[in-house]
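Here the structure is laid out as structure tokens; the discussion comes afterwards.
Being a predicted model, the structure only gives us computed values, none of them experimental. Here is how names work: the chains are called A, B, and so on, in the same order as the sequence lines, proteins then strands, and each is numbered from 1.
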Amino acid sequence: MDKILENLNPEQLAAVTLPAQSALILAGAGSGKTRVLTTRIAWLLKTGQASTAGIMAVTFTNKAAREMMLRLSMLFPVNTRNLWVGTFHGLCNRLLRLHYRDAALPQSFNILDVQDQLSTIKRLLKTNNVDDEKYPPRNLMYFINGAKERGLRASDVDGQDDYERRMVELYGMYEEQCQREGVVDFAELLLRSCELLERNQTLREHYQERFRHILVDEFQDTNDLQYKWLKLLAGDRTAVFAVGDDDQSIYAFRGANVGNMLSFQHDFQVNNLIRLERNYRSYGNILDAANTLIAHNTHRLGKNLHTDAGDGEPIRVCESPSDLNEVQWILDEVGHLIHDGIPRSEIAVLYRSNAQSRVIEHGLFSAGIPYRVYGGLRFFERAEIKHAIAYLQLIDNPDNNAAFLRVVNFPARGIGARTIESLQEMSRLHDVSLYAAIPYISGKGGTALASFVRIIQGIRSEVKNMDLPALIQTVLDKSGLLMYYQKEKDGTDRVENLGQLVSAATQFLSEEGFLLDAPALVVEQAHAQQTVDNPLLTVDRVIEADVPLTMIMSPLAAFLTHASLEAGENQADEGQDALQLMTVHSAKGLEFDAVFITGLEEGLFPHENSVKENGGLEEERRLMYVAITRARKRLYLSYAQTRMLHGHMRYNISSRFLSELPEENLKWLAPRKQSVYSGIRKEPVAQFGQPAVSDKPFSGSFGKSSEWQIGQAVIHKKFGEGVIVSLEGERANIRARINFGRFGMKLLDLGIAKLERVS
DNA sequence: GACTATTGCATTTTT
DNA sequence: TGCAATAGTC
């Protein structure tokens, strides 16, 4: 048998060697999905069933795309040049750069990230005197993105009422503004590509002919627009190899549609559905728990993970009186794990929402345990980097008003709101960009603006023959950005980051295989000959010339694309061996020797907002499933009876997900009775059965005489388990507000309701 | 135009 | 509780 097929299990082998037809691979957590994907590509190439140019592989993250490339090149020597592996957005960008004319875009269109999009919308509302209280920019953004993700232009949306009709109108104005300024947002990359393929038969057929195999990773996370894009690219003849796991679909709130897995089987006439259920990651107890939990969901495609690894340790469950005690317990257990030789970087503490990390961080910090929190500001999202990028964008595309407004007066150069207003007036009047409207401004503002133009023009002429890192360095110097941050007292980090931008460019060039004196000219000529009638001229020339994408753009444009599509590392500095802290969402795709899932409380996990949403509970359960399946050897679950959240004490009952796990795989640990570590809170901590001093209702008149206390766990015949959150009223008619978790908050008269106390 | 006070807001977020 | 964004002041 072929060497690359060695050591595949029968299901993996079957998947890898499927005939050239569309197939759905249901790949469970830890079942070797990436291996199957990469081996499939290697197998197709090695057996001569496809050429590198004939394969496209789509992922959701740049990290996954890189990983795929890396593992592929280890399996099989490939020329990655004309292999289309990338994210949906990255590949769309590629299409649009190649066919910018047919897509009606300027050659150097810039890509808006979420921040840019929001400020673009804010600006739109402002210039059109729209009340941003009535139409919050954020809502409008969701509205626009939602429509785009369903494939709808403003002209396709029917507003149901006046309010919505106005939103549609604003959506239309936003479209026009972006078009004028030569910018596209993330959703636009997809939508524009779809429209390009839909309208242009020659182009569509060309790509359908070219890509005989399209492989899609994390298929359960595709939204409707991405699905449509795949359909357009695939046509009737392309074999789409979709790999996904419906049980790990946790991005419905962002438009992901698990239903695409069903549609896919139908629309692509899938005869081959292969389940990868053998798990190579976790021990039996962990898998049993995961299987049992997810079985509570309905409408699954169905799957059960199994392993040969044995049961392993039981899952440890801890009930703590408070969030502080929970942290203390984690600290204790982490100590044991480290003592057992597990590296800190192999221990993850997961939580449902970011707000929960604070207490954990504080505890780890006090205990002197190094940790790393995922999910902070990413490199390209930092203000100083965005400023530098804006200058670069302006060099690349002076019509980019968003970039212009960001830096026209940063560092401050005496261009105030009045000047900008008159500039906007002129821009409207003469139908040109803000930058192009500068000559129309006279007076003091005009002088200041003219000096800005001199800076930009100066940079432009100076950098003409420079390589990218030198270009960026020049921008940092000449824009005054570097000097600004050098003068600022807390600017050291920012200066350092700006320096890193230059290094990032150097790295980018080497990684992207830039050949600075390569056939850019060929491409330029091809573009010159490209016509609407013959859009393929460029494509063919580019493919034949074996030109990487970076060749059809200037190095600067390519770097800007990179900056927009890849926000950079999403974690604190690497290096030392540190505990990993992150939300369950960001843990997807990762694995650790030991995993703590914290805050397993009704209202937190499952989150109260999700429970109210249609299908929300099932998504929360999948989230829990993802969390559990991250663990290789040890799994720890915990919840706290009281938790400080948003400045208020919350009394929660344990998560229903805990009760959905099989008892035989769990080992309940005795709760720690007293908080050993102090210093976080000045006030005494609410202990079980004891009220927090800060809680007002308790200090009322009935306090001493009452047999009921805040925090008391109770059982109600109908509502089940609950916790007393507050008490009100006098003696005979005391009423209690009780949190019954899934039944919600109930106000019960304690004289009437029959409640049983739970210790 | 920079600094300060106030207000409102708090689920998750691959690009 | 803690922040981020905004309005208001010098």
Is any side-chain heavy atom of A/Met624 less than 4.5 Å from a side-chain heavy atom of A/Leu637?
yes

A/Lys386 atom NZ, neighbour heavy-atom count above 12 within 6.0 Å:
yes

Are more than 12 heavy atoms, taken from residues, nucleotides or ligands other than A/Arg138, located less than 6.0 Å from that residue's CZ atom?
no

Which whole-number value in Å describes the distance from [X] [atom1] to [N] [atom2]?
{"X": "A/Glu488", "N": "B/dA2", "atom1": "CD", "atom2": "P", "answer": "10 Å"}
{"X": "A/Phe380", "N": "B/dT14", "atom1": "CZ", "atom2": "C1'", "answer": "17 Å"}
{"X": "A/Lys612", "N": "B/dT12", "atom1": "NZ", "atom2": "C1'", "answer": "15 Å"}
{"X": "A/Tyr374", "N": "B/dT14", "atom1": "OH", "atom2": "C1'", "answer": "15 Å"}
{"X": "A/Leu377", "N": "B/dT13", "atom1": "CG", "atom2": "P", "answer": "13 Å"}
{"X": "A/Glu188", "N": "B/dT15", "atom1": "CD", "atom2": "C1'", "answer": "14 Å"}
{"X": "A/Lys487", "N": "B/dA2", "atom1": "NZ", "atom2": "P", "answer": "13 Å"}
{"X": "A/Tyr251", "N": "B/dT12", "atom1": "OH", "atom2": "P", "answer": "11 Å"}

Which value, in whole Å, describes the distance between the [atom1] atoms of nucleotides [N] and [M]?
{"N": "C/dA5", "M": "B/dT12", "atom1": "C1'", "answer": "22 Å"}
{"N": "C/dC3", "M": "B/dT14", "atom1": "C1'", "answer": "25 Å"}
{"N": "B/dT13", "M": "C/dA4", "atom1": "P", "answer": "15 Å"}

Think [X] has a side-chain N or O under 4.0 angstrom from the OP1 or OP2 of [N]?
{"X": "A/Ser564", "N": "B/dT15", "result": "no"}
{"X": "A/Asn354", "N": "B/dA10", "result": "no"}
{"X": "A/Arg378", "N": "B/dT15", "result": "yes"}
{"X": "A/Ser586", "N": "B/dT13", "result": "yes"}

Please list all pairs passing the salt bridge (charged side-chain N to carboxylate O under 4.0 Å, His left out) test where one or both residues lie in residues 599-609 of chain A, with sequence neighbours left out.
A/Glu601-A/Arg643, A/Glu602-A/Arg656, A/Glu608-A/Arg650

Tell me which nucleotide among [options] gets nearest to the side chain of [X].
{"X": "A/Phe60", "options": "B/dT14, B/dT11, B/dT13", "result": "B/dT14"}
{"X": "A/Arg358", "options": "B/dT11, C/dG2, B/dG1", "result": "C/dG2"}
{"X": "A/Asn409", "options": "B/dG1, B/dT14, C/dT6", "result": "B/dG1"}
{"X": "A/His607", "options": "B/dT15, B/dT11, B/dT13", "result": "B/dT11"}

Per nearest nucleotide of DNA chain B, the residue lying toward the 5' end, A/Glu381 or A/Phe253, is A/Phe253

Toward the 5' end of DNA chain B, which comes first, A/Arg418 or A/Asn609, by nearest nucleotide?
A/Arg418

Considering non-hydrogen atoms only, spot the tightest contact between A/Asn260 and A/Phe219 and give its length.
O-CE2, 3.5 Å

Regarding [X], tell me which of base, sugar-phosphate or nothing describes its non-hydrogen contacts under 4.0 Å with the strands shown.
{"X": "A/Val114", "answer": "base"}
{"X": "A/Asp221", "answer": "base"}
{"X": "A/Glu613", "answer": "base"}
{"X": "A/Gly589", "answer": "nothing"}

What residues form a side chain to side chain donor-acceptor pair (under 3.5 Å) with A/Glu381, not counting sequence neighbours?
none

Face-to-face contact A/Phe88 to B/dT15 six-ring, under 5.5 Å, under 30°
no

